[in-house]
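Structure first, then comments.
Chain A is the first sequence line, chain B the second, and so forth, proteins listed ahead of strands; every chain is numbered from 1. Because the structure is predicted, anything quoted here is derived from the model rather than measured. Basis for what follows: all heavy atoms, side chains included, without hydrogens, waters or symmetry-related copies.
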Amino acid sequence: MTAPIKVRFAPSPTGTLHIGGVRTALFNWLFARHHGGRFVLRIEDTDVSRSTEESIQEILAALKWLGLDWDEGPHRQMQRQDRYREVVGTLLRENKAYRCYCSAEDLDAQRKEAEKKGLKPKYDGRCRSRTGEPPDGPSVVRFKVDAEGSISVRDLLRGQVHFDKKELDDMILERSDGTPTYNFVVVVDDADMGITHVIRGDDHLSNTPKQALLYDALGFPRPLFAHISMILGADKARLSKRHGATSTLAYRDQGYLPDALLNYLVRLGWSHGDQEIFSRQEMIDLFSLDSITTSAAVFNPDKLLWVNQHYIKTMPPVELARHWEPLLVREGILAEGHGKSPEEIARVIPHLNQRAETLVEMALKAKFYFVQDVEFDDKARAKFLTAETRPLLQGLESRLAALEPFSLEGIEAAFKAVVEEAGVKLGQLAQPVRVALTGQTASPGIYDVVDLLGKERTLRRLSDAARGIEAG
RNA sequence: GUCCCCAUCGUCUAGCCUGGCCCAGGACACCGGCCUUUCACGCCGGCGACGCGGGUUCGAAUCCCGCUGGGGACGCCA
């Protein structure tokens with residue numbers, strides 16, 4: 001029996017949840033689920049000026065859409081201020097922290113000065129040894145870090161990592177407005193909440209020694225750390241808005257399936273032999289920190305598309321219809337309150353799911369089926385609905401009019417008969433009919449289109465097309 | 001600049017820990033071909049990588065060192 005595992009995902013609500021964050025959440029979630037542990041959601045909202053309620057809601061919505069469910073939280077740090085003050089008080093009393101009266105401007109100047117001299121831009125600790133009456137004016141609380149010796153932290157993926165303490169400086173624990181800072185609250189919270197494993201982005205690796213020192217000073221046991229590599233854009237730069245839509249919900253709106261996004265993301269930095277496709281359960285069963293790579297990964301939209309296509313192809317139609325419906329409505333293909341059941345919507349899916357990489361693309365291709373009147377592509381009409389093809393269209397129309405019952409076999413036979421009679425190839429009939437029925441040159445199999453549309457709509461579109469040719 | 005991390009096809013990766021089975025395997029993309037009523041799907045084939053230099057060893061993608069390159073951190077952001 002392994003010790004109970006507890007992990008957390010701790011986003012800051014200062015913007016949308018992007019896919020790098022989602023992967024971090026996913027790895028934590030998988031780790032928890034694999035080990036039967038707990039997954040905690042914590043909102044790191046100590047940057048009061050930049051945190052927004054809107055971001056929080058967006059993050060929750062994104063996690064819900066993805067099905068990354070949490071067992072505890074969401075905790076909000078701004079609701080735990082009393083606790084942070086208490087800990088700061090302890091540190092101050094124990095002389096492990098001190099008040100610093102340097103202004104932000106002073107600090108800025110000091111940093112610039114250091115940089116000019118080619119030194120590491122860090123606080124020089126001048127208030128640490130200040131004596132006498134505390135000056136008036138705002139102050140921050142800093143954590144005392146001895147410059148002597150080194151500190152090493154153990155990373156589950158990289159082994160021991162050593163840092164020279166002189167690289168560190170006396171970090172701020174509490175701002176002049178009384179709010180706590182990240183490096184401090186993360187330690188207090190992870191300790192208070194009993195977090196056993198901290199799985200987070202690589203960008204936090206150099207924060208870890210500072211936090212480790214805090215754990216030690218507070219007498220808290222350190223959790224186990226695993227720093228996963230970052231996701232980069234095609235230009236190898238850190239992923240940002242410049243690389244297109246990075247907001248998670250934007251992927252939903254662009255027609256990606258949650259399973260697909262997760263499947264794509266899990267393969268960025270984690271692998272199980274040559275396997276590319278993983279169901280949620282497989283991910284959970286197979287996930288392990290041992291098979292994570294430590295090098296950064298470039299986000300590849302083409303591969304995401306391929307994974308998405310795979311899920312569109314294989315997901316049961318009725319289930320797919322549930323994800324598809326909102327997009328059909330948004331695209332104006334189905335009216336709001338259309339009253340169609342998932343089953344009805346799902347009827348076209350078997351004919352389209354081999355032909356679309358996203359749900360949006362599939363919606364556009366389903367227009368002919370859902371919309372009342374055909375929308376013609378001008379070039380297609382000019383090329384295929386001509387005086388030469390009109391008799392073919394009419395020939396098919398009369399054959400189909402007489403067809404009873406209106407079966408797939410009968411439809412096919414009608415096409416064959418017209419083709420034979422006119423002495424043309426099937427394609428010479430199928431293309432004009434395709435344009436007449438769908439307005440496009442590309443569609444599902446022509447027999448399927450006729451079958452999907454049904455007798456009445458097929459005949460009407462055929463005769464409308466023939467009439468259109470006359471008029472033109 | 002200083003410190004830290006990383007380094008296999010264009011991209012994601014397997015292999016590396018426990019050297020030989022690897023003149024390096026899979027996937028995406030790309031290029032051919034087949035299938036075909038269109039578009040797709042599918043199938044078959046092709047292109048394509050161990051960053052460089054030293055070492056250790058009978059033997060190195062695998063171990064060690066250096067270099068180079070990329071990323072990250074150095075905030076009263078997280």
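- A side-chain donor-acceptor contact under 3.5 Å links A:Thr208 to the backbone of A:Leu205.
- If you check B:G75, B:C5, B:C12 against the side chain of A:Leu268, the one that comes closest is B:C12.
- For the pair A:Arg175 and B:A78, the criterion of a side-chain N or O lying under 4.0 Å from OP1 or OP2 is met.
- When the C1' atom is compared between B:U57 and B:C64, the two are found 12 Å apart, to the nearest whole Å.
- Residue A:Lys166 places none of its side-chain N or O atoms closer than 4.0 Å to OP1 or OP2 of B:C3.
- For a distance-only test at 3.5 Å, the side chain of A:Gln275 fails to qualify as a donor-acceptor partner of the base of B:G26.
- Checking A:Glu276 against A:Asp47, the closest nucleotide of RNA chain B that is more toward the 5' end is the one next to A:Glu276.
- For A:Arg111 and B:G75, the shortest distance from a side-chain N or O to OP1 or OP2 is below 4.0 Å.
- Between A:Lys236 and B:U11 there is a side-chain N or O to OP1 or OP2 distance below 4.0 Å.
- A sub-4.0 Å separation between OP1 or OP2 of B:A73 and a side-chain N or O of A:Arg238 is present.
- For A:Asn207 and B:A78, a side-chain-to-base donor-acceptor distance below 3.5 Å is present, hydrogens and geometry of angles not being considered.
- In this structure, A:Arg381 contributes its side chain and A:Ala465 its backbone to no donor-acceptor pair below 3.5 Å.
- For A:Thr294, no side-chain nitrogen or oxygen approaches OP1 or OP2 of B:C5 to under 4.0 Å.
- Taking syn as a glycosidic angle within 90° of 0, B:C41 qualifies as syn.
- Taking the nucleotide of RNA chain B with the nearest heavy atom to each of A:Val298 and A:Met230, the more 5' of the two is matched to A:Val298.
- Close to B:C77, at under 4.0 Å from its OP1 or OP2, lies no side-chain N or O of A:Thr181.
- With hydrogens and angles ignored, a donor-acceptor pair under 3.5 angstrom links the side chain of A:Arg355 to the base of B:C39.
- To the nearest whole angstrom, the two C1' atoms, one in B:U11 and one in B:U68, are 22 Å apart.
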